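One-based numbering, in listed order, for ligands and for the atoms of each. Worth saying up front: this structure is predicted, and the values here are computed from it rather than measured.
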Amino acid sequence: MNMISNHMPTEELQALDAAHHMHPFTANGELATKGARVITRANGVHLTDSQGNQILDGMSGLWCVNIGYGRDELADVAARQMRELPYYNTFFQTTHVPVIALSAQIAELTPGDLNNVFYAGSGSEANDTNIRLVRHYWAMKGHTEKNVIISRHNAYHGSTLGGTSLGGMSGMHAQGGPMVGGIHHINQPNWWSEGGDMSPEEFGLARAQELEQAILELGENRVAAFIAEPVQGAGGVIVAPDTYWPEIQRICDKYDILLIADEVICGFGRTGNWFGSQTMGIRPDIMTIAKGLSSGYAPIGGSIVSDDIASVIAQGEFNHGYTYSGHPVACAVAMENLRIMQEENIVEHARDVAAPYLKEKWEALADHPMVGEAKIVGLMASVALTPDKANRAAFASETGTVGFMCRERSFANNLIMRHVGDRMVIAPPLVITPDEIDVMMDRAVQSLDEAHKAVKDAGLFVSA
Ligand code: PXG
C-alpha cells in the first residue's frame, strides 16, 4: 500500500485527489486544474491547510461541528467503543448499550412526546425513512390514499433520491430523474427575493396559506405530511417572516397533516435552542436530525417521532432499516457530544453570549453598499448581496457570480464563508468566542469590501 500522508507536497496530494476522488457538488474537471484545498487538521474554530494557513471555519464544516474541532473526549470514546463492540446491528430483536443510552438521552432533550428515534447514517437517509414512515403510518390507520408529501421550493432535504425529491433545488431535480412521485412543492417564504410589494408579514401569511391551497387542490384526504426546515439552511439561511410558522401550524392541525421539521441544520443548538422548532414555536410530529447530533465527529442521523406515530408503527413490522442504523460507535460519539454540550452549557453560550454578540455586528452589515437584508437566527446568518438595496434588486449577471467572487475573497482572507447564489452565509461552531467573532467579522467585512470593488471594476454592479 502506498504511504500517502500529510507530509507529501500539496501538489502531489492535489494530483492524486484529482485523479481518483470525485467530489460532491463540484465541477470536478474544473477543480482538477485548480487543485483542491487540502485540510490537514483542525482545532476549536480553526482549520489548518497543507500550506500552513490558519482558516477560521465560519461554516462549522458543513453546518455540523457545533462543539468545535479537536475534542479528544470524542476520539477517546470512539476508540473505547471500537474495542468493546465496534459493530452490531439493531435488526432482528437485538440492541446494544450505546443505542439505548442515546435514544433515552434524545427523548429527554426533545420537546413534547417526541420520544422515539429511528436511526440512519445521515440526514438524507433519515428523510428517506420519513417518506416511507409517514405513508406507512397513514396506511396502518387505513388511509392508504393519504400519501402525498408537501415540501417547498429551495428546500434542502438531502441528496439521496428521496431527499432530492423532497428538496426543492431545481438544479438537483434536473439531474438523475425521474424523482420520487407523490411529492408536491409550494413556494418558500423568502421575502427579500420574492416578496414584491407586500410587507414581510403579509408575505409570510400568503406563503403559509399556499399550504392550505395545495391541500384543498390535492384533496384534503390525500396529504400525509408537510416537511420544512425551521430556517432554510442550504437555501441561503432564509428566515420566514413572523407570521409564517403560526399559520403553517394552524393548517397542519386543521387538516390532520403530519408536520416534519427537518432539524438537520437547526437542531442541537444552532438557532439558540436545542431545536429550531422551539425557536419557531412549532410542534412537529417528526424531526429529522443529523449533523450536530455528533458534531460531525461520526456519521449519524435519525427521525425522532411522536409517541402516537411510534405506537401505530409498532403494531406491525416496518420493513425498513440500514446496516448502520444505531451504529454503536456513532451512538457513543453522539452521546459524548451531547454530554459535553450539556456540561459546558454550549447551547446557552450560543444563545446568551455568541449569538447576541454576533447579531449586532451581523445586522450592521446591512449598511454595507453591496448588502441588502442581513438575517440571523442564533448562529446561522446570511446577507443578500445587491446592486440596489432600495429596490431589492438582483444582479444582472448570472445568479451566483457575485456571491462566488465574494466567497473567493473570503477564502483568500482565511475565512470560510459560503455563497448560496448571491447570498453569503455563515454558521460558525457554537463555541465561538466574542474575540473570535471579532476576527470573523473583520475578515467578512474585508472580503465584502474587496468583492464590492472587484464587482464594480468588472462592471457587474448592475441591476437585472
Ligand atoms: N436536511 C437538511 C436540512 C440538510 O441541511 C440534509 C437534510 C441531508 O443531510 P446529509 O447528512 O445526508 O448530508 C441536509 C444537509 C450546503 C450543504 O452546502 C448542506 C447540507 C449538506 C451538504 C452541503 O449548504 N445539508
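Under a 4.0 Å N-O distance rule, the pair E373/R423 qualifies as a salt bridge. A salt bridge links E212 with R250; the closest basic N to acidic carboxylate O contact falls under 4.0 Å.
Atom 19 (C) of ligand 1 has its closest protein heavy atom at W63 NE1, 3.5 Å. Looking only at protein heavy atoms, the nearest one to atom 12 (O) of ligand 1 is S124 OG, 2.5 Å. Considering only non-hydrogen protein atoms, atom 24 (O) of ligand 1 sits nearest to R418 NH1, 2.5 Å. Looking at atom 22 (C) of ligand 1, its nearest protein heavy atom turns out to be L62 CD1, 3.5 Å. Nearest protein heavy-atom neighbour of atom 21 (C) of ligand 1: K291 NZ, 3.4 Å. For atom 2 (C) of ligand 1, the nearest non-hydrogen atom of the protein is Y156 O, 3.3 Å. Atom 5 (O) of ligand 1 has its closest protein heavy atom at I265 CD1, 3.2 Å. The protein non-hydrogen atom at the shortest distance from atom 1 (N) of ligand 1 is D262 OD2, 2.7 Å.
Distances below 4.0 Å separate heavy atoms of A234 from the following atoms of ligand 1: 19 (C), 24 (O). Near E229, with a cut-off below 4.0 Å to any heavy atom, the atoms of ligand 1 are 3 (C). Under a 4.0 Å criterion applied to the non-hydrogen atoms of S122, ligand 1 contributes the atoms 11 (O), 12 (O).
Considering backbone and side-chain N/O atoms, G123 comes within less than 3.5 Å of an N/O atom of ligand 1.
K389 NZ: more than 12 foreign heavy atoms inside a 6.0 Å radius. Counting non-hydrogen atoms of neighbouring residues, nucleotides and ligands closer than 6.0 angstrom, the CG atom of D253 exceeds 12 such neighbours. A 6.0 Å sphere centred on CZ of R37 holds more than 12 heavy atoms belonging to other residues, nucleotides or ligands.
A tilted orientation is assigned to the rings of W245 and F226, their planes being inclined by 30° to 60°. Ring orientation note: the planes of F275 and F268 are nearly perpendicular, at an angle over 60° on the 30°/60° scale.
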Run Q105 and Q342 through side-chain hydrogen bond (donor to acceptor under 3.5 Å, both in side chains) and show every step you take. CA-CA 11 Å; Q105 177 69 51; Q342 284 189 306; 3.2 Å; yes
